[in-house]
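All values derive from a computational prediction rather than experimental measurement. So that the names make sense, note that chain A is the first sequence line, chain B the second, and so on, each numbered from 1.
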Amino acid sequence: MIQKPTIPKGTRDFLPQDVARRNYIFDTIKSVFKMHGFAPIETPSFELSSTLMGKYGEEGDRLIFRILNSGEKMKRADLSALQEDNLPRFANSLSEKALRYDLTVPFARFVVQHQNELTFPFKRYQIQAVWRADRPQHGRYQEFFQCDADVVGSDSLLCELELIQIFDAVLSRFNLPGFTIKINNRKILTGIAELIGESGKLVDIVVAIDQLDKIGKEGVITELENKGISSKAIVAIQPLFDLQGSNKEKLDKIAVFLSESKIGLKGVEELRNIFSLLDKIEFNHEIIEFDITLARGLNYYTGAIFEVHAHDVKMGSICGGGRYDDLTGLFGLKDLSGVGISFGADRIYDILKELDLFPKYLTEGLTVLFVNFGEKESEIALKLAVSLRANSIDCEVYPSPLKMQKQLKYANDRGVKFVAIIGEEEMKLGKIILKNMESGEQILMDKASFINYFKTTK
RNA sequence: GAGGUUGUAGCUCAGUUGGUUAGAGCGUCGGUUUGUGGUACCGAAGGUCGCGGGUUCGAGACCCGUCUCCCUCCCCA
């Protein structure tokens, strides 16, 4: 039976041109990471389920791709769990491995496991695929690449500063029409919950506030009511929905609001220090915005939270990040603070494509193609190809002596810049016809000037 | 995981209230005196109409199921 070839939903194939464009994105990000002293690491594409499960909140577990046990292990399936309708336990009995959901949690595992081999503060970057069993949508895939940079082993706000600089440096290189780095601090959110007497419902409050720009003030209030937040608390929290002004002014207002919350004030203090550092390096304040509604669901963040949005496109966040004080604690290494950011390469790709911002040179093809006229002629071509490559000129000899029409069409389709023609006549003369595929111009030249031609034009 | 939408040639799509051999453009391949591509002209190949069932004398069109695409929500890059 013939099956129509297809790939799983939320995945994509990449043609040579796509790969060239993706590599451009990866290379740009890598070069900035490297410039700031981050070193690359890699971790396996799958981890033990126990490493990943429970690290991303209730919703997160649902989105983790599980890997089914194979062979004899399948017999360990917990059928009683299935009978009792306990699907999570049943799933755990069937699967002990899972595809990684992000790069941060595997990195925390990595740091704990290799703590004696690392020098702290440890700065690493990591560019690898991650998988989420999410429903695919615009800018949302089941397999996509994250480009992470994290610093662990330092609670200095200079780390936050550096990561903001990296956001700016990378995104500026892509020539986006505009972007905004949103920043908030989890401690401020904790302080708010504490102050209105609903500390136990931090997550519910955070999730509701996060939707302010989407569902509006009324929507958030309804949401809070649904979650059982007291009406007194809801009244108390309302002034926060109308925060206006510069980053500094908003921070001042929130500081007044949080004057009775120690942890809340700590968060304000941290943000003030970050803004002050940004001032000192004359960072462009236009692109950074303190946003009290920025929450991010990932429940391991404890300090700064980042999110970046591109202007003029309909797309979710293109970057995220934040500080986590106790992520490695989950794997048995206490008191190690980390902070990191992640670039969504695939979303950046979609935006650059939509806005036609990829550099032209990425689509340039082969420099020289030698037309093949037969055994004797191609021997000369093969020798010349060796000389060209010795001079770092990319070239190839067409593999078989088809009609020239075919070979030229091939050259045209490949986007070849020059075609070298060595047929019977040229062989007799000891010369080469060099044809410029763009202009159609042909020049008869000897071997020395042929090699030289590329040396000088390059 | 909840809701909505889509599915006809490699791609983008036509296909009247169910009625003969399902069409177009682009692309592919071949040709236009065999040493010249990208333009032009001529010609050809290519579809069990997503898949499975049902209604009907008859289904690409109607009904049910299923998968997929895209969208909204949840969440996120």
Between [X] ([atom1]) and [N] ([atom2]), how many Å, whole number?
X: Gln137(A); N: C74(B); atom1: CD; atom2: P; value: 10 Å
X: Arg135(A); N: U5(B); atom1: CZ; atom2: P; value: 14 Å
X: Lys9(A); N: C69(B); atom1: NZ; atom2: C1'; value: 11 Å

So what does [X] hit on the nucleic acid, given a heavy-atom distance under 4.0 Å: a base, only sugar-phosphate, or nothing?
X: Gly423(A); result: base
X: Phe343(A); result: nothing
X: Glu438(A); result: base
X: Ile348(A); result: nothing
X: Cys319(A); result: sugar-phosphate
X: Gly60(A); result: nothing

Could you summarise the pairing of RNA chain B as dot-bracket text, marking Watson-Crick and G-U pairs under 3.5 Å with ( ) or [ ] inside the strand and | across strands? ((((..(..((((.....[...)))).(((((.......))))).....(((((..]....))))))..))))....
Gap in Å between the two C1' atoms, one belonging to U28(B) and one to G35(B), rounded: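 It comes out at 25 Å once rounded to the nearest Å.
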Would you tabulate the nitrogen or oxygen pairs shorter than 3.5 Å linking the protein to nucleotides 27-30 of chain B?
{"from": "G30(B)", "atom 1": "OP1", "to": "Lys406(A)", "atom 2": "NZ", "distance (Å)": "2.1"}
{"from": "G30(B)", "atom 1": "OP2", "to": "Lys406(A)", "atom 2": "NZ", "distance (Å)": "2.8"}

Surrounding CD of Glu424(A) (heavy atoms of other residues, nucleotides or ligands, distance under 6.0 Å), is the total greater than 12?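 Open: at most 12 neighbouring heavy atoms sit under 6.0 Å from CD of Glu424(A).
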Neighbour count above 12 (heavy atom, 6.0 Å) for Glu42(A) CD: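 Result for CD/Glu42(A): open.
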With a 3.5 Å distance limit and no angle check, can you tell me whether Asp325(A) reaches the backbone of Gly303(A) through a side-chain donor-acceptor pair?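 Side chain of Asp325(A) to backbone of Gly303(A), a donor-acceptor pair under 3.5 Å: no, none is there.
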Tell me which residues in residues 426-434 of chain A lie within less than 4.0 Å of RNA chain B, going by non-hydrogen atoms.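 Those residues are Glu426(A), Ile433(A).
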Nearest to the side chain of Glu424(A), heavy atoms from C-beta on, is which of C76(B), U68(B), G35(B)?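 Ranking C76(B), U68(B), G35(B) by closest atom to the Glu424(A) side chain puts G35(B) first.
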From the list G38(B), A77(B), U36(B), which nucleotide is the closest neighbour of the side chain of Asp134(A)?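 Selected nucleotide: A77(B).
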